[in-house]
Amino acid sequence: MCGIAGIFHLQTAKPVDPKRIRSMCDPMVHRGPDGSGVWTDAGVGLGHRRLSIIDVEGSPQPMQSSDGKRVLSFNGEIYNYQKLRLILQNAGYEFLTDGDSEVILHGWDHWGAECVKHFQGMFAFAIYDARDKSLFLARDRLGVKPLHFAQLSDGSVIFASELKGLLAHPALRRELNLFALDDYLAFGYVPDHTSIVTGVQKLAAGHYLLLKQGKPLSKPIQWWDIDFSDRVSGSEAELQEELLRLMGEAVKSRMVSDVPLGAFLSGGVDSSAVVALMSEQSKSPVKTCSIGFNEAKLDESGYADQIAHRFLTDHRTRTVAADDYALLDRLTDLYDEPFADASALPTYRVCELARENVTVALSGDGADEAMAGYRRHVFHHGEERVRSLFPTVLRRKLFGTLGEIYPKADWAPRPLRAKTTLLSLAREGHQGYAEAVGVTSPDIRQRLYSAKMLRSIDGYSSEAHMHDLMQNAPARSGLDQAQYADMKMWLPGDILTKVDRASMGVSLEAREPLLDHHLIEFAAKLPENMRVRRGQGKYLMKRSLEKYLPEDILYRPKMGFVTPIANWFRGPLADTARNISSSSILQQSGYFDADMLSKLADDHIAGKSDNSRTLWQLVILEKSLTKIFA
């Protein structure tokens with residue numbers, strides 16, 4: 001796992017100063033503390049920070065082809081590199097190293113841009129080809145590894161694994177993107193289709209960008225997508241067998257490492273499944289780690305201990321304080337853009353613990369998105385069934401009226417108890433789901449903003465992007481659409497960003513076997529009743545794992561990392577909340593209504609309402625904007 005950066009002059013082959021490349025790589029030293037490299041030529045420069053995982057002594061980067069015509073800077077792992085190596089050797093290519101980097105170089109020579117379709121893994125890489133003076137940038141299917149780029153006023157294109165690499169270039173203008181600001185408040189993170197800095201772009205998951213000197217900046221090309229439009233056939237037993245086979249192969253492929261390897265173990269279904277399958281493949285006890293909280297209602301470490309005992313893992317647990325908000329400044333440095341998923345705090349702590357013993361850790365991320373494991377998937381599936389029973393006009397009037405009249409509908413079945421559910425049923429499915437995954441509603445955002453901000457964004461709707469994703473998804477059902485949107489937006493923007501920055505912050509490589517693309521493609525074809533049944537998500541996955549995991553692990557309510565931010569803002573962070581309206585960069589910017597900021601804090605502190613998630617967003621936003629723009 002590494003960090004990459006570079007400069008490419010589109011119009012004229014101006015010299016590139018190696019010091020400039022190095023200055024872009026140095027802020028990302030945490031991504032690669034084991035070594036660094038810089039390569040430059042007329043009109044181009046590539047940089048690299050290395051965390052040695054495979055072929056520890058070899059495969060230095062940037063890596064040049066034997067004739068010096070192609071140069072690679074690569075972040076990630078290609079899990080099927082040994083198989084591809086044999087294919088390329090049989091095609092006449094000679095290898096000088098034992099790692100996966102050289103496979104990418106020869107793969108480019110052999111397949112061209114189509115090479116990415118042969119790579120199984122997580123990656124973001126750049127290849128400069130002197131034969132036609134081109135630069136090829138590519139990102140993996142699901143967006144596990146990040147890649148940012150921007151075009152400067154002189155026509156050059158700069159790129160880096162993290163935003164801080166671009167910010168190190170003095171020609172990049174630091175201008176706040178107000179549309180991205182609204183996106184952040186809507187969802188709690190800055191999605192991959194935008195950036196908090198105007199002009200900066202993120203190469204989308206499953207896309208590549210081919211640049212050539214003498215030609216204008218081209219548009220990224222999508223080379224992979226998730227297709228929910230087909231359905232796999234077979235009995236439940238056959239589907240269970242195939243799912244376990246794919247999971248087992250995904251875990252096995254990610255256990256290849258020349259450095260110590262282990263796993264995160266939360267005690268939930270997904271991490272427990274990964275540990276169970278690792279134990280099948282490993283000749284020695286799997287190294288596992290988990291964190292517990294000093295508040296019993298937040299602590300899942302007992303379930304992790306249960307799985308560790310069941311599979312005889314080499315397990316380590318550390319108890320951390322639930323009020324770990326002192327970590328905020330460190331996380332703000334790592335994430336660059338504002339990132340309000342509060343589970344980033346315990347995620348960072350478990351990565352710290354893992355790094356004490358291993359350099360690579362397998363996680364259970366991705367199964368919820370692939371197998372419909374979130375509670376919102378179950379609710380949306382149920383809502384879609386209700387929507388189908390009513391003509392549109394009647395449904396909108398009936399549930400819209402009920403939603404307005406009844407703040408609580410305790411007499412109704414559980415899916416209909418909440419005011420938000422009733423109002424959601426009055427909307428179309430894509431509108432209801434976008435509201436469900438949001439953090440700060442459009443109404444509250446409108447009231448938070450000043451007249452200046454409202455004029456600047458001029459009716460912009462952050463939810464519209466998710467609406468478009470769902471309505472244009474290659475899908476059959478509302479559940480398909482919701483999962484598709486999550487995989488395109490929530491997964492790379494929140495989940496994978498969280499894990500990448502937290503793990504790289506301690507120089508740990510995190511691998512996600514449940515995001516193997518063969519597994520994802522299979523899951524997308526499962527009938528809906530193999531994903532959601534009897535009010536449970538991940539139905540087929542849980543049934544297939546009954547031979548490995550006990551019932552209280554498989555079927556207990558999903559918890560995840562929880563942080564008590566509501567209590568923080570009524571206790572130790574109360575003054576922080578109050579200060580947002582008076583002395584923060586937010587108030588000084590002129591984009592927020594000071595009275596509304598104050599009311600938001602006062603109402604929460606007084607217990608009149610729970611505004612903790614929005615307050616958390618605003619605190620993180622202030623810290624992030626201060627670091628980038630102040």
Side-chain angles (χ1 to χ4, degrees), residues 30 164 184-185 187-190 196 264 266 289-301 317-355 439-440 448 494-495 497-506 508 559-587 592 597-598 600-607 609-628 630:
H30 51 277
K164 59 173 59 70
Y184 164 73
L185 287 173
F187 298 108
Y189 58 93
V190 180
I196 201 68
F264 302 128
S266 68
C289 66
S290 65
I291 59 169
F293 293 100
N294 60 359
E295 291 187 23
K297 63 181 180 180
L298 305 177
D299 187 28
E300 288 189 293
S301 60
T317 301
R318 178 169 297 159
T319 300
V320 299
D323 58 345
D324 200 16
Y325 51 82
L327 192 57
L328 276 179
D329 286 334
R330 171 62 176 155
L331 293 181
T332 305
D333 286 337
L334 288 175
Y335 284 85
D336 294 328
E337 294 186 299
F339 186 79
D341 186 336
S343 65
L345 281 75
T347 299
Y348 180 84
R349 290 303 187 200
V350 77
C351 288
E352 270 189 327
L353 177 60
R355 190 62 178 90
V439 178
T440 300
L448 269 175
D494 187 297
I495 301 300
T497 294
K498 175 179 65 179
V499 176
D500 175 80
R501 304 306 193 276
S503 59
M504 286 286 88
V506 296
L508 174 76
M559 186 174 178
F561 283 143
V562 179
T563 49
I565 56 176
N567 294 336
W568 292 352
F569 286 122
R570 293 187 179 116
L573 294 184
D575 286 341
T576 301
R578 291 190 184 98
N579 290 339
I580 288 175
S581 64
S582 58
S583 61
S584 72
I585 192 174
L586 303 187
Q587 194 274 334
F592 290 88
L597 290 174
S598 180
L600 204 71
D602 291 342
D603 285 355
H604 180 84
I605 294 167
S609 57
D610 184 355
N611 299 323
S612 57
R613 294 185 71 190
T614 299
L615 288 171
W616 184 255
Q617 285 184 290
L618 293 169
V619 168
I620 298 295
L621 179 63
E622 179 189 2
K623 289 180 176 293
S624 297
L625 296 187
T626 300
K627 290 181 181 296
I628 296 174

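Between Asn579 atom CG and Leu618 atom CG the span is 13.0 Å, to the nearest 0.5 Å. Taken to the nearest 0.5 Å, the CG atom of Leu621 stands 5.0 Å off from the CG atom of Leu586. Atoms CZ and SG, on Phe264 and Cys289 in that order, are 6.0 Å from each other to the nearest 0.5 Å. Atom OG1 of residue Thr576 and atom OH of residue Tyr325 lie 8.0 Å apart, to the nearest 0.5 angstrom.
By the 4.5 Å heavy-atom criterion applied to side chains, Asp329 and Lys623 are counted as neighbours. With a 4.5 Å cut-off on side-chain heavy atoms, Trp616 and Val439 do not count as touching. The closest side-chain heavy-atom distance from Leu448 to Leu597 is below 4.5 Å.
With sequence neighbours excluded, the residues forming a side-chain contact (heavy atoms from CB on, under 4.5 Å) with Ser612 are Ile565, Ala566, Phe569, His604, Asp610, listed by chain and number. Listed by chain and number, the residues in a side-chain contact (heavy atoms from CB on, under 4.5 Å) with Ala502 are Tyr335, Thr347, Tyr348, Cys351 (sequence neighbours excluded).
Under the 3.5 Å distance criterion, with hydrogens and angles disregarded, a donor-acceptor pair is assigned to the side chains of Lys498 and Ser343.
Between Asp575 and Arg578 a salt bridge is recorded (basic side-chain N to carboxylate O distance below 4.0 Å). Of the charged side-chain nitrogens involved, none lies within less than 4.0 Å of a carboxylate oxygen, so that Glu352 and Arg355 do not count as a salt-bridged pair.
The shortest heavy-atom contact between Arg349 and Asp324 is NE-OD2, 2.7 Å.
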